[in-house]
S.K.: 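Dumping the structure here so I can ask a few things about it.
The first residue in the sequence is number 1, and the count goes up from there.
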Amino acid sequence: MSVRADVETIRNIPIFSECEPAHLQLLAFSAVRESFSPGGTLIAEGEEGRAAYLVLSGTAEISAAGQGLIGTAGPGALLGEVAMIGGSPYSVTARAIDTVATARIDRELFLRVAEEFPDFAAAVFRSLALKLDLSVQDLGEAREKLETARSFRSL
């Protein structure tokens, strides 16, 4: 895949959708290509989020302790971005189902671009803030439904 194609793939990820193409080109050009064989672990729940992985080809299964299989991620998915940005542990595990090609965006690279281009950082953090806002709204709606639901005892 070319840098130009990678930029378009990155631009389709919601947290990068408002970023300038030049900043995305820096990420795409500097990202490290990494391939995972079937069964290989892209990210592991509980490990420090040192990188995010842009899936270029192949499919990975996503699981979490206590929940089992959550879903799958294919081309265009970005895995581990919140942990990478925050320097926190990954909240899920992603394993390759078939051969998976990725572009690894290291935390140091992301932070360097964010430091050198404050408008890039502002665009990413606006997107993350919106994502958090939507999650809080979803939780509020779920809470309301639980509070107004009939008791299991009355069933």
S.K.: May I ask you to test the Leu27-Leu54 pair for a side-chain heavy-atom distance under 4.5 Å?
M.R.: no
S.K.: Taking only residues two or more places apart in sequence or in another chain, which ones pass side chain to side chain donor-acceptor pair (under 3.5 Å) with Glu47?
M.R.: none
S.K.: Is the number of heavy atoms from other residues, nucleotides or ligands under 6.0 Å of Glu34 CD greater than 12?
M.R.: yes
S.K.: Rounded to the nearest 0.5 Å, how far does OG of Ser127 lie from CD1 of Ile13?
M.R.: 11.5 Å
S.K.: With heavy-atom distances below 4.5 Å as the criterion, would you say the side chains of Thr99 and Pro38 are in contact?
M.R.: yes
S.K.: Does Asp6 reach the side chain of Leu56, with side-chain heavy atoms less than 4.5 Å apart?
M.R.: yes
S.K.: Sequence neighbours left out, what passes ring pair (Phe, Tyr, Trp, His ring centres under 6.0 Å) with Phe110? Give chain and number order.
M.R.: Phe120
S.K.: Sequence neighbours left out, what passes salt bridge (Lys or Arg N to Asp or Glu O under 4.0 Å) with Glu116? Give chain and number order.
M.R.: Arg112
S.K.: Quick check: is Met84 connected to Val55 through a chain of hydrophobic side chains (ILVMFWY, heavy atoms under 4.5 Å apart)?
M.R.: no
S.K.: Should the heavy atoms of other residues, nucleotides or ligands under 6.0 Å from CZ of Phe125 be counted, would the total exceed 12?
M.R.: yes
S.K.: Residues two or more places apart in sequence or in another chain: which of them pass side chain to side chain donor-acceptor pair (under 3.5 Å) with Asp106?
M.R.: Arg104
S.K.: Output every pair passing salt bridge (charged side-chain N to carboxylate O under 4.0 Å, His left out) with a member in residues 50-59, not counting sequence neighbours, ordered by first then second residue.
M.R.: Glu48-Arg50
S.K.: Locate the shortest heavy-atom distance separating Arg33 from Ala103; write the atom from each residue and the value.
M.R.: NH1-CB, 3.4 Å
S.K.: Quick one: side chain to side chain donor-acceptor pair (under 3.5 Å) partners of Arg4, sequence neighbours excluded?
M.R.: none
S.K.: Can you check whether Val113 reaches Leu111 side chain to side chain, under 4.5 Å on heavy atoms?
M.R.: no
S.K.: Enumerate the salt bridge (charged side-chain N to carboxylate O under 4.0 Å, His left out) contacts for residues 65-81, please, sequence neighbours excluded, ordered by first and then second residue.
M.R.: Glu81-Lys131
S.K.: Is there side-chain contact between Val92 and Glu45, with heavy atoms separated by less than 4.5 Å?
M.R.: no
S.K.: Taking distance alone, no hydrogens or angles, what donor-acceptor pairs closer than 3.5 Å link side-chain atoms of residues 59-79 to residues at least two apart or in another chain?
M.R.:
none

S.K.: Are Val32 and Val7 co-members of a hydrophobic cluster defined by side-chain heavy atoms under 4.5 Å apart?
M.R.: no
S.K.: Of the non-hydrogen atoms in Arg95 and Thr93, which two are nearest, and what is the gap between them?
M.R.: NH1-CG2, 3.4 Å
S.K.: Checking Phe117 now: which residues fulfil ring pair (Phe, Tyr, Trp, His ring centres under 6.0 Å) with it, not counting sequence neighbours?
M.R.: His23
S.K.: Specify the closest pair of heavy atoms between Ile105 and Leu109, including all atoms of both residues, with the distance to one decimal.
M.R.: CG2-CD2, 4.2 Å
S.K.: Can you pull the ring-ring contact (aromatic ring centres under 6.0 Å, His included) pairs that have at least one residue in residues 71-102, sequence neighbours excluded?
M.R.: none
S.K.: Sequence neighbours left out, what passes side chain to side chain donor-acceptor pair (under 3.5 Å) with Arg11? Give chain and number order.
M.R.: none
S.K.: Begin with the C-alpha distance, continue with both residues' side-chain angles, and end with the deciding distance and a verdict on side-chain contact (heavy atoms from CB on, under 4.5 Å) for Asp98 and Val100.
M.R.: CA-CA 6 Å; Asp98 50 15; Val100 175; 4.0 Å; yes
S.K.: Provide the full list of ring-ring contact (aromatic ring centres under 6.0 Å, His included) pairs with a residue in residues 34-57, sequence neighbours left out, each pair given once.
M.R.: Phe36-Tyr53
